[in-house]
J.: 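Shown below is the structure under consideration.
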Amino acid sequence: MTALRELAEASRELGALHGRRQKIERIAALLRACSDAEAATVARWMTGEPAQARLGVGPAQVHTACTTQPASSPRLTVDDVAAWFQEIGAIKGGGSKAARADRLARLFAAATEQEQQFLAHLLLGELRQGALLGLVIEAIASAFVLPLGSIQRAHMLTGEVGEVAAVARTQGRAGVDALELRLFHPVQPMLAQPAEDLGAAIATLGEPLLEYKLDGARVQVHKQETEVRVFSRQGNEVTEAVPDIVEPVRRLPVSDLVLDGEALAFGDDGTPRPFQTSMRRFGRRSDDAALRAQLPLQSFYFDCLRLNGETLIDADTLSRQAALRDVVPASLRMPSLRTTSASEAKAFLEQALAAGHEGLMAKAPQAPYAAGGRGSHWLKIKQVQTLDLVVLAAEWGSGRRQGWLSNLHLGARSNGGFVMLGKTFKGLTHQLLTWQTEQLLAREIARDGIIVQVRPELVVEIAFNELQRSRQYPAGLALRFARVRRYRDDKPAAEADDIETVSALFARQVAYRDVLSDHR
DNA sequence: GTCCCTAATGGGC
DNA sequence: GTCAGACTCATTCGG
DNA sequence: CCGAATGAGTCTGACGCCCATTAGGGAC
């Protein structure tokens with residue numbers, strides 16, 4: 001039986017340790033020391049995931065729970081806490097909020113102060129120990145003296161660290177190597193890195209496979225005979241809500257299939273709906289026939305991970321592409337092109353953008369499917385726009401941003417004043433953080449919690465991908481994926497971009513995709 | 001009990 | 001999702 | 001030939017936008 005105290009201590013030590021190697025060994029020691037039954041739980045928690053499903057307990061409840069009087073001596077075990085989590089997660093319906101708060105308070109009352117801290121961080125997904133999934137995988141290999149490749153492969157195929165840790169511990173190499181891709185258990189989707197631009201992507205990859213990049217939701221679809229299930233990027237099953245994704249795959253004449261693709265809604269004119277509109281369908285739990293008729297989802301598959309009993313994860317991009325072409329008709333496939341010609345590639349990108357899509361993906365032709373990895377084998381090319389906006393306020397940072405004014409409130413000029421369009425904390429170096437903290441404090445006019453209001457004088461160039469409709473912001477518009485490019489010390493606030501400019505940009509976006517008609 | 005509004009939570013990008 | 005920083009590992013450079 | 005510098009690859013943790021769901025609370 002592993003004491004919760006040991007995990008809490010380990011987590012705290014991990015935060016203090018420098019160096020990957022050391023952290024891996026610390027986690028490995030934990031995995032070696034725990035019981036067979038606990039290995040899965042310990043491994044999962046160390047990755048920062050408290051449970052398979054969420055518990056219905058967020059920051060607000062955790063903070064109140066933290067105010068309960070801690071126990072003076074440790075007595076909780078890992079199994080105890082796992083049981084509490086399970087119980088709390090299962091509470092539903094009327095009075096459930098109070099019931100969850102009550103159970104949570106009782107759990108926290110049984111924990112020492114240090115254990116409370118650990119539980120709180122675990123529940124909030126903020127372990128801040130400088131070690132998550134990547135190191136846990138290595139720790140499993142190290143703890144049970146197994147080849148790292150075996151563990152990585154097992155995790156890739158099953159997507160479940162807990163299970164891999166448990167099998168590694170109890171069955172060793174033979175058990176781990178026997179783990180296979182299983183139908184109706186989602187594989188970790190392969191991820192992509194941003195590329196500078198199309199030219200850079202081609203230079204990196206040689207003769208890449210180019211594909212449209214559509215702004216929808218990632219889907220992984222599993223089929224066995226007539227049964228079809230759909231999984232989201234995080235591996236959540238969403239089958240119920242999306243019969244329009246299920247049906248076309250059900251009709252494919254193959255017994256056994258796993259596809260990777262993107263799903264989104266299109267307007268009557270054939271242009272893609274904005275992401276936020278597609279999410280009205282994809283974001284829901286159950287099917288709504290009326291909404292489905294109004295916003296049917298179309299899916300476009302770009303990869304095939306398993307076909308008729310054969311797992312294709314290790315096959316190269318082009319072989320998987322060939323398998324995909326064999327079984328999926330063009331109407332369900334992501335438009336793609338393989339070319340060495342820079343001008344053809346450019347034309348393909350422009351074609352994608354003109355159709356209202358996000359951009360292109362460029363894929364290394366010979367790479368295997370690196371599940372869960374964000375290697376350089378897949379690159380994404382997206383459009384970037386910029387605006388010169390004014391800093392209206394800033395928020396004190398937390399964690400590694402402590403002591404810096406970090407998150408900026410951004411506004412455009414409007415009628416002699418400013419309207420806020422969003423916030424960002426991205427793109428800032430330590431040097432810039434230091435500089436902006438100083439500059440902003442010198443312009444402080446008021447404080448409200450962690451927010452410092454400043455005189456609207458500093459102009460900052462903001463890069464972003466898209467403007468979207470907003471209910472939250474006064475202009476009715478917000479920036480998507482805003483990040484700082486640089487401060488414009490050459491520009492006074494009076495020369496920052498105004499809301500008319502922003503609206504015009506939005507109008508140009510809408511010329512491709514008519515948002516106005518489908519917005520309530 | 002029903003209707004409407006709000007805050008918290010989870011999840012997509 | 002985007003980004004900077006920290007760390008690792010392998011390769012290249014300079015004396 | 002060896003240690004230092006450099007670069008590529010990974011991982012982590014700062015937090016952004018939106019949407020749907022769920023439960024609570026007040027008015028009636």
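Hydrogens, waters and symmetry mates are skipped; everything else that's a heavy atom, side chains included, is used. Lettering follows sequence order; numbering is per chain, from 1.
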J.: For the helix from dG1(B)-dC28(D) to dC13(B)-dG16(D), what angle separates the axis at the start from the axis at the finish, each from five pairs, in steps of 10°?
T.: 10°
J.: Counting just side-chain N and O atoms, does Arg401(A) come under 4.0 Å of either OP1 or OP2 of dG13(D)?
T.: no
J.: Would you call Arg106(A) and Glu87(A) a salt bridge, taking side-chain N to carboxylate O under 4.0 Å as the test?
T.: no
J.: Verify the contact: side-chain N or O of Lys380(A) to OP1 or OP2 of dT2(C), cut-off strictly under 4.0 Å; return yes or no.
T.: yes
J.: With no hydrogens and no angle check, just 3.5 Å: does a side-chain donor-acceptor pair link Ser142(A) and Glu25(A)?
T.: yes
J.: Have a look at Ala463(A) and say if it touches a base, only the backbone sugar-phosphate, or nothing, with a 4.0 Å heavy-atom cut-off.
T.: nothing
J.: CG of Leu405(A) versus P of dC15(D): gap in Å, rounded?
T.: 12 Å
J.: Got a salt bridge between Asp260(A) and Arg218(A), using NZ or NE/NH1/NH2 to carboxylate O under 4.0 Å?
T.: yes
J.: Remember a base hit wins even if backbone is also touched, and classify Val484(A) as base, sugar-phosphate or nothing at under 4.0 Å, heavy atoms.
T.: nothing
J.: By nearest heavy atom, map Ala478(A) and Gly399(A) onto DNA chain D; which one lands nearer the 5' end?
T.: Gly399(A)
J.: Does a side-chain N or O from Gln276(A) land closer than 4.0 Å to OP1 or OP2 of dC19(D), or not?
T.: yes
J.: Taking atom types as modelled and ignoring hydrogens, do the side chains of Gln61(A) and His63(A) form a donor-acceptor contact shorter than 3.5 angstrom?
T.: no
J.: Provide, to the nearest angstrom, the distance between the CG atom belonging to Leu124(A) and the P atom belonging to dT9(B).
T.: 9 Å
J.: Considering every strand and a 4.0 Å limit on heavy-atom distances, what is the contact class for Ser96(A): base, sugar-phosphate, or nothing?
T.: sugar-phosphate
J.: Which part of the nucleic acid, if any, lies within reach of Ser398(A) when heavy atoms closer than 4.0 Å are counted: base, sugar-phosphate only, or nothing?
T.: sugar-phosphate
J.: Does dA8(D) have OP1 or OP2 sitting under 4.0 Å from an N or O in the side chain of Ser376(A)?
T.: no
J.: Take Glu49(A) and Thr47(A) through the test side-chain hydrogen bond (donor to acceptor under 3.5 Å, both in side chains) and record every step on the way to the result.
T.: CA-CA 6 Å; Glu49(A) 283 296 322; Thr47(A) 69; 6.0 Å; no
J.: At 4.0 Å (heavy atoms only), tell me whether Glu126(A) reaches a base, stays on the sugar-phosphate, or touches nothing.
T.: nothing
J.: Output a table of donor-acceptor pairs, distance under 3.5 Å, between side-chain atoms of residues 123-135 of chain A and any protein atom two or more places apart or on a different chain; print 'none' if there are none.
T.:
unit_1	atom_1	unit_2	atom_2	d
Gln129(A)	OE1	Ser11(A)	OG	2.8
Gln129(A)	NE2	Met46(A)	O	3.0
Gln129(A)	NE2	Ala131(A)	O	3.0

J.: Please report, rounded to the nearest Å, how far the C1' atom of dC18(D) is from the CE atom of Met279(A).
T.: 8 Å
J.: Looking only at side chains, do Ser470(A) and Gln472(A) share a donor and an acceptor under 3.5 Å apart?
T.: no
J.: Base, sugar-phosphate, or nothing for Gln129(A), non-hydrogen atoms under 4.0 angstrom?
T.: sugar-phosphate
J.: Below the 4.0 Å mark, does dT21(D) have OP1 or OP2 next to a side-chain nitrogen or oxygen of Arg284(A)?
T.: yes
J.: Quick one: do the Asn465(A) and Arg483(A) side chains pair a donor with an acceptor below 3.5 Å?
T.: yes
J.: Check the phosphate of dG12(B) against Asn236(A), side-chain N and O only, distance under 4.0 Å to OP1 or OP2. Yes or no?
T.: yes
J.: Does a salt bridge link Arg292(A) with Asp287(A), judged by any charged N lying under 4.0 Å from a carboxylate O?
T.: yes
J.: Among the nucleotides dA4(C), dC13(B), dG16(D), which one has an atom lying closest to any side-chain atom of Phe425(A)?
T.: dG16(D)
J.: Nearest to the Phe275(A) side chain among dT2(C), dT12(D), dC13(B), which nucleotide is it?
T.: dC13(B)
J.: On DNA chain D, nearest-nucleotide positions of Gln468(A) versus Leu132(A): which is more 5'?
T.: Leu132(A)
J.: For Arg128(A) and dA14(D), is the shortest distance between a side-chain N/O and OP1 or OP2 below 4.0 Å?
T.: yes
J.: If you assign each of Lys97(A) and Arg54(A) to its closest nucleotide in DNA chain B, which residue comes earlier from the 5' end?
T.: Lys97(A)
J.: For Lys423(A), which contact category applies under a 4.0 Å heavy-atom criterion: base, sugar-phosphate, or nothing?
T.: sugar-phosphate
J.: Looking at dG12(B), I'd like to know if its phosphate oxygens (OP1 or OP2) sit under 4.0 Å from a side-chain N or O belonging to Ser232(A).
T.: yes
J.: When you check the phosphate oxygens OP1 and OP2 of dA4(C), does a side-chain N or O of His430(A) lie under 4.0 Å from one of them?
T.: no
J.: Using a cut-off of 4.0 Å on non-hydrogen atoms, how would the nucleic acid contact of Ala482(A) be classed: base, sugar-phosphate, or nothing?
T.: nothing
J.: Leu408(A) near the nucleic acid: base, sugar-phosphate alone, or nothing, with a heavy-atom cut-off under 4.0 Å?
T.: nothing
J.: Rounded to the nearest angstrom, tell me the gap between atom CD in Gln61(A) and atom P in dT22(D).
T.: 16 Å
J.: Touch check for Lys382(A), heavy atoms < 4.0 angstrom, all strands: base, sugar-phosphate only, or nothing?
T.: sugar-phosphate
